[in-house]
**Student:** 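I'd like to ask you about the structure that follows.
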Amino acid sequence: MPKHFKQYDELDLPKVANEVLEQWEAEDTFGQSLELRKNAPPFVFYEGPPSANGLPGIHHVMARAIKDIFCRFQTQKGKLVHRKAGWDTHGLPIELGVEKELGITKEDIGKTISIEDYNAACKKAVMRYTDVWNDMTRRIGFWLDLEHPYVTYQTKYIESVWHLLKKLYDDQLLYKGYTIQPYSPAAGTGLSSHELNQPGTYKNVKDTSAVAMFKVVRDANSEFLFTPSPWQKGPGNEGVFILAWTTTPWTLPSNTALTVGPKLEYVRIKSFNPYTHEAQTMVLAKTRISAYFSEKNFIDPAAWEASADAYAKDGKHTPWTMDQEFFGHQLEGIHYEQLLPYAQPDQGEAFKVIGGDFVTTEDGTGVVHTAPSFGADDMRVARQHNIGTLTLVDLQGRFTKEMGEFAGKYVKNEYYPVGTAPEKSVDVELSIKLKEMGRAFKVEKYEHNYPHCWRTDKPILYYPLDSWFVRTTAKKDRLIALNKTINWKPESTGTGRFGNWLENLQDWNLSRSRYWGIPLPIWRTADRDEEICIGSLKQLKEEITRSVKAGVMNADPYADFDPADMSDANYDKVDLHRPYADNIVLVSPSGKPMMREADLIDVWFDSGSMPYAQHHYPFENKDALNEMFPAEFIAEGVDQTRGWFYTLHAISTLCFDSVAYKAVVSNGLVLDKNGQKMSKRLGNAVDPFKTLDEYGADAVRWYMISNASPWDNLKFDAEGITEVQRKFFRALFNTYNFFALYANIDSPDLKADVSAARTESDRWVLSRLNSLIKLADTNFTDYEPTIAARAIQDFVVEDLSNWYVRLNRRRFWKGEQGADKNAAFQTLHRCLEVIAMLSAPIAPFFSDRSYRDLTGSSVHLSDWPKHDEQLIDTELEERTALAQKLTSLVLSIRKKEGHRVRQPLQKMMVPVTDATMHKRLEAIQELVLGEVNVKELVIMDANESKLTKRIKPDFKKLGARMGKLMKSVAAAVNAFDQAEIAELEAKGTMKLNIEGQEVEVLRDDVEITAETIPGLSVASDGPLTVALDITLNDALVQEGLARELVSRIQTLRKETGLEVTDRIDLHIRRNGDARFEAAVRHHAKHILAETLAATQVEQILVDQFPNAGSTVYEVALDDEVTCALSLTRSAN
RNA sequence: AGUCCUGUAGCUCAGUUGGUUAGAGCGCUACACUGAUAAUGUAGAGGUCCGCAGUUCAAAUCUGCGCAGGACUACCA
């Protein structure tokens, strides 16, 4: 422990942070903290890799602070917490950035720029801002091993990923399938959902929409639609049609099914075709009738024939009627005639009505035209029902040759080269054709939001493409079950957003037709009969060797590489990216060449593999899996729920049947102070570096954590940081400085046993402190840093600074060395030391400085304090709370009556109704009297006094028993007069007649308080009432004057620049005011002692000042009394 | 469109199993204090607890339907 405690002139948090940071780096405090716990049980933490091709923002300060908090806390709790940094290096954003920089487009790759050069540029670009990131990480105090990060483009990392893919492959969890993906025919490439979410891709466009009529095949399934009806020309003659709407008529030739909602209601309707004016019978959803038929044209079925004959067949006031209602599931299984029979699906069933939950009745007819080739929902539902597909559009976006007169036409006019588009789009032509066929019910322009390719600006198609998938659906139950064991903060994200996502799980589309990413390690023969999945470099080498031997490859490109050598130098000899991986041609068991499947894998698989790949598992650290997996804790933005949180979970479940993390904190966004999202465009983004420079990391972190729970969005307002600085840090700083100041003067014994000397307030503040330790421990353990931060802050500001120090300050500087003084110093020292430890996770710099100043060592090497249940005294805490309330009440009366606190008053009275209260008041009596400057406290027994009493029903207790009668009972109780209150108090029970029922009110059901004390000034707060005797006598007035005088002298001491410990010569000139002079005479000793005056008691009042040259001060003590005095530093 | 989060004083946020007159800090106003002083105390002004309906003796709290802001996912006939 230091002999001398450092004192500071001013609080400069950025400076503290910089100095402490230098100290950490000089001493390698982070390394020491790991070394200290090297044999301790591990607490596994995963750092989610950021992409270093963008600059960090203020939200990263938030995210990284949260991670740091729990890692530091667990270290203090005695765990070994490794924190390996990581970089996410692959993916589309990087490719886009590079293309922009090089001024090229995707089409140039392989033409004007080689894949090799392109990937080299990506590799370079991706680590561009690592220095900035590392700097920010350091500056905010996030302890992370930046020296040995995992990097997803490194060969070792990729090898681990390949191992995982092979594992999935071997378990039949990896397969090639056919899905509908957004596709840009103009650009000739599939688009990721990320690309689809670029700003401006969704545009409002007007397309031709059509309601087509599908003719039902009459059979056992559909017979009910043909039952005779009151309308005479029965449907049997002209058939029954199902109506289905589409905004993309070009998909109608590819229709193979109609989907209805099984639970939706449908109706049979008879009306006229608006184009052919033929009478027709049709089926659509009941709630959609109004979209197509006007209520005023409705005809009762029985009256149909006459009205129908009257119809002018001009498309105006078209009459209609209906007669059957049925559910969608009754329609399932019905077959219909193909609408536009250009081609037939080669497999599966077709032209059947099926059920799908996704069908809505918000627009259209409640029947979905289903072309599985061109819609994701369509494909999914078609698969479930074994419906075949028809893909009558090619990859350029043109109709295929089967399409007869339409063959070769682009399905969207936008795809034609400029100026060559025909006047009528195929949508229009097809609609005309349907009208002519009598199979169109309604054709109109329809405005909707449709995605466009962000590069070519042309509409995208949904198109079936071959992709590799992870069969996550096979493990859906495990994914769900394991998720239930994860501690989600907040819980709702886990059960809600994430849980629902798992419930609706789809297979994971792993394929990306890109260049910069991890290649899929699958090689296939051209006939697709043979394939191999590679799971390690060793295996790859062996296969290459076979290939070379078979003459398929000329030489082994990785000849120098030794699979047994785990050195980085060895691994640097291998690059598995494209085009190198593509250049490898393997040989199949039957001797055929095998080419690599051209796809890369989704970058999300990269980051989801990090628990294993960061340690090059299983090629290295094979037996250490238990020590690095699963994580105890991870944290990222809530936007990662279906990103990293999901991929970690999916890979760990599929490969290891385990969770990847036991607890996850999903943090919210950092918005600007108006609640707007920060963006460069709006210019409201906060620069993290400027913020750190200005306020220091501690204040920024404390503000962020104490202001809102991590998962709530934070409205970032710099004024909030100032407030945190002002309130919390300054209170702590002042308290420490106060301690240091007097500790240095007095050198108290901080080791002595003072347990017997601890005062009531010592024990109180220690009790509060131990309660706080317990609370902070629980909440940090449970990932609730906000609750912990607020509690710590409240303790420091209210309990420690505003109460304990204020009340006890004179113990630190008055009187002799001894047990009492030591007790005070030890208590304060302990509080400051513990606060440093509790706040260390959140404010790592200031707490470290403070802890080092107090103890000489780093707080981050300390053990988390254990709370001592013995020291927690709730009765004492309640008693003190009572004292605080009482004090506040008395001060409020003084204020009301105009008596300043320095004027002593004779007595205060508190009526009590029970023994506990009585005992408490006795215990706090002295404390309160000193605090409010009153001579005596009279505790009055409310039962014996003439106090007016007030009665209030306790709604909670009484309500539970009274139920419906509560209102009346409460009214009756409130109406009690003094006699009735007395009776209830005496008997403990009272019978009442309420609404004809007899009810019993018990003493415990009500709260009885003494309300007023006649003739005295009174204040009350809830059940607590206090009365103050405000009459003054000469003695009180004199004492008040003496105190005023002391106060003036103290001010003068300070103003004239005297040190706290300087002694003075003090003289006061007689002013002829009898009361004043009497006051000085009677209280001379007190005045001299308080002001550290060396003057003799009898010399204090003088007619003339002894030192002719000394400055004379005129001071006013109140409105009437003024005096002159002189004070100089004493030679003694 | 779906899922989830948020909505309480001018601002930032508490508010327990439903219980009387909904709280704190900041800010504002007034006064006090002046050896903790960029602090502190007391008092005051400031509320449609987002809205509507329901359950209940009793709703900020529970339920339903909406509204607004936000996030993610999807993009649909």
Side-chain angles (χ1 to χ4, degrees), chain A residues 10-11 182 193 196-197 202 209 211 244-248 251 258-259 358-360 362-371 375-378 448-451 462 490 492-493 495-501 503-504 637-643 668-669 671 673 675-677 706-708 711-715 717 719-720 722-723 725-727 730-731 734-735 737-738 786 790 793-794 797 801-802 805-806 809 813 887-888 891-896 898 900-902 952-960 962-970 974 1007 1047-1048 1050-1051 1053-1054 1058 1060 1090-1091:
Chain A
E10 54 169 2
L11 175 63
S193 58
L196 228 47
N197 280 323
Y202 279 86
S209 74
V211 175
W245 178 64
T246 178
T247 56
T248 52
T251 61
L258 292 172
T259 308
F358 64 91
V359 179
T360 68
E362 272 162 35
D363 43 26
T365 62
V367 180
V368 177
H369 141 63
T370 303
D377 279 338
D378 300 36
H448 62 155
N449 220 3
Y450 198 83
Y462 289 87
S492 60
T493 304
T495 53
R497 187 189 285 197
F498 195 68
N500 289 331
W501 164 260
E503 294 290 343
N504 298 314
V638 69
D639 56 348
Q640 294 295 334
T641 306
R642 288 160 189 183
L669 299 169
L671 308 170
K673 65 178 178 181
Q676 296 295 307
K677 205 176 167 179
S706 65
N707 194 11
W711 37 89
D712 289 332
N713 289 346
L714 173 70
K715 287 183 195 163
D717 186 353
E719 285 196 25
T722 321
E723 191 183 325
Q725 268 181 339
R726 240 187 13 235
K727 294 216 68 116
R730 189 170 297 279
N734 284 336
T735 306
N737 255 5
F738 170 81
T786 305
R790 287 175 181 172
Q793 182 169 313
D794 286 348
V797 175
S801 172
N802 271 355
V805 173
R806 189 163 53 85
R809 48 193 347 271
W813 57 277
T887 304
S888 159
L891 291 175
S892 125
I893 299 174
R894 276 183 170 277
K895 160 81 184 154
K896 195 167 65 189
R900 47 184 58 167
V901 181
R902 272 194 298 272
K952 270 165 109 185
D954 183 331
F955 275 67
K956 203 167 177 175
K957 279 182 191 150
L958 209 50
M962 298 300 160
K964 284 190 195 224
L965 295 174
M966 183 59 203
K967 236 174 214 163
S968 317
V969 174
N974 280 326
E1007 199 172 72
S1047 154
R1048 299 300 181 273
Q1050 300 288 35
T1051 310
R1053 279 185 61 114
K1054 195 174 152 200
L1058 290 167
V1060 174
E1090 285 293 308
T1091 59

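A, B, ... follow the sequence lines: proteins, then strands. Residue 1 opens every chain. What you see is a predicted model, and the numbers here were worked out from it, not measured in a lab.
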**Student:** Please report the distance separating the P of B/A39 from the corresponding atom of B/A58, rounded so that it comes out in whole Å.
**Tutor:**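 Nearest-Å result for B/A39 against B/A58 at atom P: 48 Å.
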**Student:** Using the P atom as the point on both nucleotides, what is the distance between B/U48 and B/A32, in whole Å?
**Tutor:**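 Nearest-Å result for B/A32 against B/U48 at atom P: 33 Å.
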**Student:** Expressed as a whole number of angstroms, how long is the span from A/Trp501:CH2 to B/A71:P?
**Tutor:**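 For the pair A/Trp501 CH2 and B/A71 P, the rounded distance is 18 Å.
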**Student:** Given the C1' atoms of B/C49 and B/A14, what is the spacing between them in whole Å?
**Tutor:**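 Comparing C1' positions in B/C49 and B/A14 gives a spacing of 13 Å.
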**Student:** If I pick the C1' atom on B/C75 and the same atom on B/A1, what distance separates them, to the nearest angstrom?
**Tutor:**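 Straight-line distance between the two C1' atoms is 8 Å.
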**Student:** So which heavy atom on A/Asp378 is nearest to which on A/Thr370, and how close?
**Tutor:**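 Nearest heavy atoms, A/Asp378 then A/Thr370: OD2-CA, 3.3 Å.
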**Student:** Measure across A/Ala708 and A/Thr786 and return the closest heavy-atom pair with its distance rounded to 0.1 Å.
**Tutor:**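 Minimum heavy-atom separation between A/Ala708 and A/Thr786: O-OG1, 3.3 Å.
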**Student:** Pull out every protein N or O sitting under 3.5 Å from an N or O of nucleotides 3-11 of chain B, one pair per line with the distance.
**Tutor:**
residue : atom : partner  : partner atom : Å
B/U3    : O3'  : A/Asn500 : ND2          : 2.9
B/U3    : O2'  : A/Asn500 : ND2          : 2.9

**Student:** Dump the pairs, protein N or O against N or O of nucleotides 64-66 of chain B, anything under 3.5 Å, distances to one decimal.
**Tutor:**
none

**Student:** With rounding to the closest Å, how many angstrom separate the P atoms on B/G27 and B/G19?
**Tutor:**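 About 32 Å, rounded to a whole number of Å.
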**Student:** Which residues pass the side-chain hydrogen bond (donor to acceptor under 3.5 Å, both in side chains) test with A/Glu1090, sequence neighbours left out?
**Tutor:**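 With neighbours one apart ignored, the set is A/Arg810.
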**Student:** Rounded to whole angstrom, note down the P distance from B/G25 over to B/U21.
**Tutor:**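 So the two P atoms sit 23 Å from each other.
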**Student:** Using OP1 and OP2 only, check whether a side-chain N or O of A/Lys967 sits under 4.0 Å from B/C57.
**Tutor:**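 No, outside the criterion.
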**Student:** Taking any heavy-atom pair under 4.0 Å as a contact, classify A/Gly720: base, sugar-phosphate, or nothing.
**Tutor:**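 Here A/Gly720 touches no strand at all.
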**Student:** Would you give the length of the straight line joining atom CZ of A/Arg726 to atom CG of A/Leu11, rounded to the nearest 0.5 angstrom?
**Tutor:**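 With rounding to 0.5 Å, CZ (A/Arg726) is 12.5 Å from CG (A/Leu11).
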**Student:** Between B/A30 and B/A45, how far is it from one C1' atom to the other, in whole Å?
**Tutor:**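 It works out to 11 Å between them.
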**Student:** Whole Å only: how far is the CE atom of A/Met962 from the P atom of B/A58?
**Tutor:**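 Distance, rounded to whole Å: 16 Å.
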**Student:** Quick one: look up who B/G51 pairs with, Watson-Crick or G-U, both distances under 3.5 Å, and put none if it's unpaired.
**Tutor:**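 Result: B/C65.
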**Student:** Show the nearest heavy-atom pair for residues A/Val901 and A/Arg894, with the distance to one decimal.
**Tutor:**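 Minimum heavy-atom contact is CA-NH1, 3.6 Å.
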**Student:** Taking the same atom, P, in B/C11 and in B/G18, what whole-Å distance lies between them?
**Tutor:**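 Going atom to atom, P in each nucleotide, I get 30 Å.
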**Student:** Would you tell me if any nitrogen or oxygen in the side chain of A/Tyr462 comes within less than 4.0 Å of OP1 or OP2 on B/C76?
**Tutor:**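 Yes, A/Tyr462 has a side-chain N/O under 4.0 Å of OP1/OP2 on B/C76.
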**Student:** For A/Leu714 and B/G70, what is the distance between atoms CG and C1' respectively, to the nearest whole Å?
**Tutor:**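 So the two atoms are 14 Å apart, to the nearest Å.
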**Student:** Show your reasoning for whether side chain to side chain contact (heavy atoms under 4.5 Å, CB included) applies to A/Val805 and A/Phe738.
**Tutor:** CA-CA 9 Å; A/Val805 173; A/Phe738 170 81; 3.9 Å; yes
**Student:** Report which part of the nucleic acid A/Leu669 touches: base, sugar-phosphate, or nothing (heavy-atom distance under 4.0 Å, all strands).
**Tutor:**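 Counting heavy atoms under 4.0 Å across all strands, the contact made by A/Leu669 is with sugar-phosphate only.
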**Student:** One character per nucleotide, please: for nucleotides 36-44 of chain B, 5' to 3', B when the base has a protein heavy atom closer than 4.0 Å, S when only the sugar-phosphate does, - otherwise.
**Tutor:** BSS-SSBS-
**Student:** Heavy atoms only, 4.0 Å cut-off, all strands: where does A/Arg894 land among base, sugar-phosphate and nothing?
**Tutor:**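 No contact.
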**Student:** Applying a 3.5 Å limit to both distances, which nucleotide forms a Watson-Crick or G-U wobble pair with B/C72?
**Tutor:**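 Paired with B/G2.
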**Student:** At under 4.0 Å between heavy atoms, what does A/Gln1050 touch on the DNA or RNA strands: base, sugar-phosphate, or nothing?
**Tutor:**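 Touches a base.
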**Student:** To the nearest 0.5 Å, what is the distance between CZ on A/Arg790 and CG on A/Asn707?
**Tutor:**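 Those atoms lie 7.0 Å apart.
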**Student:** Pick out the pairs of N or O atoms, protein on one side and nucleotides 18-22 of chain B on the other, that lie under 3.5 Å.
**Tutor:**
residue : atom : partner  : partner atom : Å
B/U20   : N3   : A/Pro953 : O            : 3.3

**Student:** Which one is paired to B/C33, where only Watson-Crick or G-U wobble pairs with both distances under 3.5 angstrom count?
**Tutor:**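 In the structure as shown, B/C33 has no Watson-Crick or wobble partner.
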**Student:** In Watson-Crick or G-U wobble terms, both distances under 3.5 Å, what is the partner of B/C26?
**Tutor:**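 The base-pairing partner of B/C26, which may sit in any strand shown, is B/G10.
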**Student:** With sequence neighbours left out, write down each residue that passes side-chain hydrogen bond (donor to acceptor under 3.5 Å, both in side chains) with A/Arg730, or none if nothing qualifies.
**Tutor:**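 A/Arg730 satisfies side-chain hydrogen bond (donor to acceptor under 3.5 Å, both in side chains) with no residue once adjacent residues are dropped.
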